[in-house]
Amino acid sequence: VQLQASGGGLVQAGGSLRLSCAASGSIFSRAVMGWYRQAPGKQREWVASITNGGTTNYRDFVKGRFTISRDNAKNTVYLQMNSLKPEDTAVYYCNKMILQATWGQGTQVTVSS
């Protein structure tokens with residue numbers, strides 16, 4: 001498996017989840033990694049990204065609530081999600097930002113109101 005996201009679940013609004021994504025070394029090495037999400041009936045959208053050196057970037061709708069991080073030794077990228085809102089409900093994926101690999105199955109995040 002090249003990209004395997006985990007950590008999703010059902011949470012009430014205001015709650016938190018921490019997502020993990022394990023990537024094969026060939027994908028992870030030196031790549032800018034991103035988290036994406038796809039809500040029902042909508043296109044997949046970029047959420048946050050992190051460079052190999054740890055520089056992060058976020059979409060406005062998650063700034064201050066989500067934190068992306070990575071462990072280069074473990075080829076894993078994380079997404080800490082706090083103050084979750086019902087509109088954050090989606091399947092979350094990770095992938096490279098450029099020359100993306102085959103998408104994994106993602107992990108479902110459901111936020112109830």
Side-chain angles (χ1 to χ4, degrees):
V1 177
Q2 292 187 311
L3 290 164
Q4 187 167 12
S6 62
L10 173 63
V11 64
Q12 289 186 333
S16 299
L17 285 172
R18 187 189 192 217
L19 307 183
S20 300
C21 182
S24 62
S26 61
I27 294 173
F28 199 87
S29 179
R30 300 184 182 180
V32 180
M33 296 296 296
W35 279 97
Y36 302 78
R37 70 186 187 186
Q38 187 168 19
K42 295 186 178 181
Q43 290 188 335
R44 186 178 288 144
E45 62 182 356
W46 166 70
V47 173
S49 63
I50 184 167
T51 68
N52 190 50
T55 300
T56 59
N57 200 8
Y58 300 90
R59 295 290 299 275
D60 285 345
F61 53 75
V62 302
K63 279 183 180 178
R65 301 188 298 123
F66 291 10
T67 303
I68 188 172
S69 60
R70 66 192 287 165
D71 185 334
N72 292 335
K74 295 182 179 179
N75 291 345
T76 301
V77 60
Y78 305 96
L79 187 68
Q80 177 67 43
M81 306 187 296
N82 299 327
S83 301
L84 282 161
K85 303 175 181 180
E87 51 263 44
D88 294 319
T89 294
V91 179
Y92 283 72
Y93 306 83
C94 74
N95 209 326
K96 298 193 299 181
M97 291 295 292
I98 300 173
L99 296 177
Q100 290 166 339
T102 301
W103 292 92
Q105 289 187 334
T107 186
Q108 175 71 49
V109 172
T110 303
V111 184
S112 64
S113 58

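A quick note: this is a predicted structure, and the numbers were derived from the prediction, not measured.
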- Query: Counting only N and O atoms by type, is there a donor-acceptor contact under 3.5 Å from the side chain of Trp35 to the main-chain atoms of Cys21?
  - Reply: no

- Closest non-hydrogen atom pair between Ala48 and Leu79, with its separation: CB-CD1, 4.4 Å

- Note on the structure: Smallest heavy-atom separation, Met97 atom then Gln100 atom, equals O-NE2, 4.2 Å

Side-chain contact test, heavy atoms from C-beta onward, threshold under 4.5 Å: evaluate it for [X] versus [Y] and give yes or no.
X     : Y     : result
Val32 : Ile50 : no
Phe61 : Glu87 : no
Leu3  : Met33 : yes

- Applying ring-ring contact (aromatic ring centres under 6.0 Å, His included), which residue pairs with at least one partner in residues 89-113 are found, sequence neighbours left out? Tyr36-Trp103, Tyr93-Trp103

Approximate separation, where rounding is to 0.5 Å, of [X] [atom1] and [Y] [atom2]:
X     : Y     : atom1 : atom2 : result
Ser29 : Asn52 : OG    : CG    : 7.0 Å
Thr76 : Arg70 : OG1   : CZ    : 10.0 Å
Ser49 : Lys96 : OG    : NZ    : 14.5 Å
Tyr78 : Asp71 : OH    : CG    : 5.0 Å
Arg37 : Cys94 : CZ    : SG    : 15.5 Å

- Would you indicate whether Gln105, at its atom CD, is surrounded by more than 12 heavy atoms from other residues, nucleotides or ligands within a distance under 6.0 Å? no

- Message: Please determine whether a side-chain nitrogen of the Lys or Arg among Lys85 and Asp88 lies less than 4.0 Å from a carboxylate oxygen of the Asp or Glu.
- Response: no

- If we ignore angles and hydrogens, is there a donor and acceptor under 3.5 Å between the side chains of Ser6 and Gln4? no

- Task: Decide side-chain hydrogen bond (donor to acceptor under 3.5 Å, both in side chains) for Gln108 and Thr110; before the verdict, give the C-alpha distance in whole Å, the side-chain angles of both, and the deciding distance to 0.1 Å.
- Result: CA-CA 6 Å; Gln108 175 71 49; Thr110 303; 3.3 Å; yes

Show me the donor-acceptor pairs within less than 3.5 Å that the side chains of residues 9-20 make with the rest of the protein, sequence neighbours left out.
unit_1	atom_1	unit_2	atom_2	d
Ser16	OG	Asn82	OD1	2.9

- Hey, does the Lys NZ or Arg CZ of Arg59 hover above the aromatic six-ring of Phe66, less than 6.0 Å from the centre and inside 45° of the axis? no

- Message: Tell me which one of Asn72, Ile68, Asn95 satisfies side chain to side chain contact (heavy atoms under 4.5 Å, CB included) with Val77.
- Response: Ile68

- Task: Report the C-alpha distance between Arg65 and Tyr58 in whole Å, list the side-chain angles of each, state the deciding distance to 0.1 Å, and finish with yes or no for side chain to side chain contact (heavy atoms under 4.5 Å, CB included).
- Result: CA-CA 10 Å; Arg65 301 188 298 123; Tyr58 300 90; over 6 Å; no

